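A quick write-up on the structure given underneath.
This is a predicted model, so every value here is computed, not measured. Below, read A as the first sequence line, B as the second, and so on, with proteins coming before strands; counting in each chain starts at 1.
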Amino acid sequence: MEGVVIPLNHVLIVAALLFVTGLAGLMFRRNVIFILMALEVMLNSAGLAFVAAGTAWAEADGQVIFMLILAVAAAEVSVGLGLVLQIQRRFKTLDMDQARRLHG
Amino acid sequence: MLQTVWLIPLLPFLSAVLLMVTAGRMPRPLVAMLGAGSVGLSAVVVLLFGMQFMQAPEPYTLTLWSWMRVGDFAPQFSFYIDQLTLVMMAVITGVGFLIHLYSTEFMEEDSDYSRYFAYMNMFVAAMLILVMADNLLLLFLGWEGVGVCSYLLVGFWYKDPANGAASRKAFVVTRVGDTAMALGLLLLFTELGTLQIQPMLDAANNTWVSGDTLPALAALLLLGGAVGKSAQLPLHTWLPDAMAGPTPVSALIHAATMVTAGVYLIARTHGLFLLAPDVLLLVALIGLVTLLLAAFTALNQHDIKRILAYSTISQIGYMFLALGVGAWSSGIFHLMTHAFFKALLFLGAGAVIHCLHHEHNIFKMGGLRSRLPVAFWSFLIGSAALAALPFTSGFFSKDPILISAFEYHGSIAGIGPWLWVGGLLGALLTAIYSFRLVFIVFFGEANTEPDRQPGWRMAGPLTLLCVLSLFGGWFALPLASVFPAESAHHPSMLIEGISISIPLLGVLVAWLVYYQRKVSVSRFTDSPTGNSLRQYWHSGWAMDDLYDNLLVKPFVGVSTLLRGEPVDKVYNGIVGVCQLVHRGLSESQTGKMRWYATSMVFGLIALITFLGWGI
Amino acid sequence: MELVLFYISSAVALFATVFALTRSNAAHALIYLIVSLLAVAVIFFLLGAPFAAALEIVIYAGAIMVLFVFVIMMLNLGEEGEERERQRMHPAVWIGPALLSAILLVEMIIVLSKMSDQQTGALITAKQVGISLFGPYVLAVEIASMLLLAGLVGAYHVGRRFRLSEPDDQSAVVSGDDKQGGD
Amino acid sequence: MSEGMTILFAISVMLAAVGGAAVLTWFERRLLGLWQDRYGPNRLGPAGILQVVADMLKLLTKHDWTPPFADRWVFIFAPTAIVVAMLLGFAVVPFGPGLHIIDVNIGLLFFIGMTSLAVYSVLLGGLASNNKYALLGGLRSAAQMVSYEVFMGLSLMGVVMLTGSFSMQDIVEAQRGGWFCVSQFLGLFVFVIAAIAESHRLPFDLPEAEHELTAGFHTEYSGMKFAMFMLGEYLGLILVSCMITTLFFGGWLAPFGMTWLPPIVWFSIKTFLIICFFVLLRAAIPRPRYDQLMSLGWKVMLPLTLLNLVVTGAVALWMQGA
């Protein structure tokens, strides 16, 4: 079984589209859960770009980086969701515009 | 026997260490035995050593160990003994032993008996190292060692803040000179490559010719150290204040030994000074001016110890004068006789003070001739020697100095007689103030009753010193091989006669004014001019005020200015700007994550635009 | 045939993502997101990275997203939260971010279009990845393990239920709650 | 196999699996009755086998009711997810030499991925029901499944190490020298327990524990959607049994050289016995408390798995060197 021959540019454009979608979500959602989801989308799109590049050059490094991204995502989500619970508990809201105690 | 020379400084040093580590837990008799005995033993060793040395008087060098090694610089811990050193060692240990013995009684009631002897022994050890040192670095170690001991002993009764201030003043003022001396050492080392005194002097002779700038500079810097240590102008102000220490300390340190270290230094490095005749003349002038100033001041004092202190300054001025005019042996000779009679005077003054409830003011004494005979005779003999009355030791040492000054042919022609005249004026004043002291304290009406008589431990040293003061001048010092030959003196009878009669004239004046009271000084001092002149002289030509205005006050002013921390103002300004910017920027920190993300995207777009431009 | 599959799954991933990020109901959004991740897994498989595809399913879709559902269940937002989300969703809110993102996308596409026409398709097996991971990347693996441990400890600590009345604990938070009590 | 044959085979496997699951509902009750000294369903047809048909009819004809407070689409989506995931899981099972739907080189990972996707069914079902008991059941189930998934995956890695491949056919072939149930005894032990927890069967059926959560995540479910959940559960049981057979008991390999039966028959016999074992467990062991379940998982199973991994790795390296 071999991989399918696809122009790398197309895969990267798909990754860029996903990334941009996640970025837009990050910018306009106020709910912290959606912000985290947008982050996941962005991380995943980066992973897609890496894997695509890896298969394009027939190197395993792309997937290695993808695995590291997975580890980062897992750690980020576990801490992030813990924070979500605390935010809900303390601010009684998930709206990050309300939870702005760090403002200057 | 010659090899045991290291015992001489070691004995007092060990005793000092022992006294320090036991920290006053030793019984007093043991302390006294240890303190005085160690110096006595040293004196015995010096005596034995000297006897053997004189059989074959060749300079003797003993290297103990290599002190340190920094690259090529490897000073040895070694001693150099020649006749000059021997004289100094004899003075230090001999007079030192007498003063230690005297102290065992004088300090008996003091609670810090042990600490006193620890300091004193340490001083003797440091002083011995100073004179025995083979190289200038070791000399400097002893030099600073005696400075520290002087500081500790002047402030011995540290509970009175005034004593602390006096000791601090002594330390700081001498530090000025020491800094100059350290610079001189550095200069000598960089120029000549060694600090060992004899090789260094040889090298200086080979490298430089007379009148060069560098030897003059080096000599000047060394002179700075000597001036500081020996309380000469302009660094003499610390010595009168140093009288705050116990009287035997004044006798040992501030009369007999330490203050003459400057004289010793110049004598030891005379080879260098000979290369700088101008500096040598400066030495003579400093000596002359100092001796006159101090003598005038001594005339006006009423604290018995301050009179003696100014007298000491004045006499060291004579020694400088002697060195300056090239009468090396005479200077050292005067150093020795001065050690005898000035120690005698101080110890006598100590006996008076000791027996009169610690009274210092001479006008509250009087009529003590019959009540304190020991003190009286000591004072009488000491003053006679000080005034250089004929056939006392002071006469034998001072007279050659004056004659050498008269015959001086230095870089300025015809200055010799003027130096001589100044010296004579000083001698007159010396006779006046010393007998003024005698007449006021021991004659006239009794104002205070002594409550005790000095015991044998005080009387014994006094007696011995009396003998030395009277007859100490009858020996010729064997210094001929150390110093360049001096031209033989052929003074005319007139000169001799004047030299002899001037002190007698001074005694006569003192007798008239202070004993017979035929001439009243009070009439003169009560007049406005007289009074202000008296005040002026009393304050030691207002040197302290001068320094206060010239140095201390500007320094304090600058300090006060800096206390406001003008430099910090700049930084505070920076801080202020930072805070301002911070406040402005913190407004942009809305705490809204979405805005942060959006601004990041702006940055990202900009970045890709710039980076992607070239592709 | 497979090329078509790629485009289909790309479209699915894209639309699922867009839907995921525009839903007002978090649970629905998550289902879309999972669909998107599965679609990306298919893309991985097609590209010749079956191992990455499996990991995408097992870890991303199977574990990380479960955590999201978990938290959503614990928060139990209910109808009014959903209503509020819906109200926030008017064009004034999303037009700016969408524009910015579009600019960025255009830039990226321009940059990408100037690249050489590299082709994907090399099969990279799990074995190769493993050899690479524990060969040159072993340090990165260790760091990742440290990161995961930190994440574990951090999540445990942050997610702990602080008792707000505890005196040593967060008096500031109590006052903060008072301030925020209005909403 | 040609593409058409593959599709045909896939359809037949699907039908067999669904059918097997249906029969299993009857079979399990009969077996439980046998072991618990009672009858079980015995009225319809020979030995009560037509009970299956009766149940099916009942569930199909029941009013397909969706609660008005539920999240409608998620509510419907949830039960389908588990069935789809489990059926997809059958795709990698090797029923005989060359007899499989696909043989990808990540077969084992594919199976693990499918089981992990099955979690959503429970979770979303609990969430969409908008019901307290369902929510708690879903939460419990999610925690349980995510936890046990970790060492279920890890317990299989020993097998992968010994084989050197994720491919199911390779794993079966690798057992010609000896079944992995011997060398991977610890792995087998952990995998069986994790598999029970994954498919939340008794004794680990805490997500739906009737006496405390009424029925857990499927409290609100009835009719066809409930049937889907049950179907998914029995499909899971069969899939897990197939997996145990494949991974630890030699798959379609004939024991003791008894090759006079075709491989697929051997495979079926082994799977059948393992299913019986699971039913026996259900009959024999009581249900633990929830915290006991979790601490068993993290404090006993995980260390055991890691130990197994370390020892297996060491032995594999040593064998390689020897």
Minimum heavy-atom distance A/Thr55-C/Ala49, with the two atoms named
CG2-CB, 4.2 Å
Given a strict heavy-atom distance threshold of 4.5 Å, which part of C/Ile59 is in contact with chain A: side chain, backbone, both, or neither?
side chain
Mind listing the closest non-hydrogen atom pair of A/Phe28 and C/Pro97 along with its distance?
CB-CG, 3.6 Å
Before you tell me yes or no, could you show the steps for A/Val51 and C/Ile124 under side chain to side chain contact (heavy atoms under 4.5 Å, CB included), namely the whole-Å CA-CA distance, both residues' side-chain angles and the distance that decides it to 0.1 Å?
CA-CA 10 Å; A/Val51 170; C/Ile124 291 158; over 6 Å; no
Working to the nearest 0.5 Å, report the span between CG of A/Leu26 and OG of C/Ser101.
9.0 Å
Heavy-atom distances under 4.5 Å only: say whether C/Ser145 touches chain A with side chain, backbone, both or neither.
neither
Any idea which heavy atoms bring A/Met37 and C/Ala29 closest together, and the distance?
CE-CB, 3.5 Å
In terms of heavy-atom proximity below 4.5 Å to chain A, should C/Val18 be classed as side chain, backbone, both, or neither?
both
Which atoms form the tightest heavy-atom contact between C/Leu21 and A/Gly22, and what is the distance?
CD1-CA, 3.7 Å
C/Phe6 side chain reached by A/Val11 side chain, heavy atoms, under 4.5 Å:
yes
Would you compute the distance between atom OG of C/Ser132 and atom CE of A/Met67 and round it to the nearest 0.5 angstrom?
10.5 Å
Go through the atoms of C/Ile43 and report whether side chain, backbone, both or neither lie under 4.5 Å from a heavy atom of chain A.
side chain
If you count heavy-atom pairs under 4.5 Å with chain C, which of A/Val41, A/Leu36, A/Leu70 comes out on top?
A/Leu70
For C/Phe51, is it the side chain, the backbone, both or neither that has a heavy atom under 4.5 Å from a heavy atom of chain A?
both
Among C/Ala52, C/Gly154, C/Ala63, single out the residue with the greatest number of heavy-atom pairs under 4.5 Å to chain A.
C/Ala52
Which of C/Leu33, C/Leu5, C/Ile109 touches chain A most, by non-hydrogen pairs under 4.5 Å:
C/Leu33
CE of C/Met74 to CZ of A/Arg89, rounded to nearest 0.5 Å, is 6.5 Å
Of A/Leu83, A/Leu17, A/Val14, A/Val84, the largest count of non-hydrogen pairs under 4.5 angstrom with chain C goes to A/Leu17
Residue A/Glu40 versus chain C: region with a heavy atom under 4.5 Å:
both
Among A/Leu48, A/Leu68, A/Ile13, which residue has the highest count of heavy-atom pairs closer than 4.5 Å to chain C?
A/Leu48
Heavy-atom pairs under 4.5 Å with chain C: which of A/Leu85, A/Val72, A/Leu43, A/Asn9 has the most?
A/Asn9
Does C/Tyr156 have more than 12 heavy atoms from other residues, nucleotides or ligands lying within 6.0 Å of its OH?
no
With a 4.5 Å cut-off on side-chain heavy atoms, are C/Tyr137 and A/Asp61 touching?
yes
What part of C/Leu30 gets closer than 4.5 Å to chain A, counting heavy atoms only: side chain, backbone, both or neither?
both
As an exercise: rank A/Leu23, A/Leu8, A/Asn44 by heavy-atom pairs under 4.5 Å with chain C and give me the winner.
A/Asn44
Taking every heavy atom of C/Gly151 against every heavy atom of A/Val79, the minimum-distance pair comes out as O-CG2, 3.6 Å
If I compare all heavy atoms of C/Ala144 with all of A/Ala71, which pair ends up nearest, and what's the gap?
CB-CB, 4.0 Å
What's the separation between atom CD in A/Gln63 and atom CG in C/Leu55, rounded to the nearest 0.5 Å?
8.0 Å
Look at the rings of C/Phe44 and A/Phe66 and say which category their plane angle falls in: under 30° parallel, 30 to 60° tilted, over 60° perpendicular.
perpendicular
Out of curiosity, C/Ile64 CD1 to A/Ser78 OG, how far, rounded to the nearest 0.5 Å?
9.0 Å
Can you check whether A/Ala60's main-chain N or O pairs, donor with acceptor, with C/Gln128's side chain at less than 3.5 Å?
no
When rounded to the nearest 0.5 angstrom, what distance separates CG in A/Leu18 from OG1 in C/Thr17?
4.5 Å
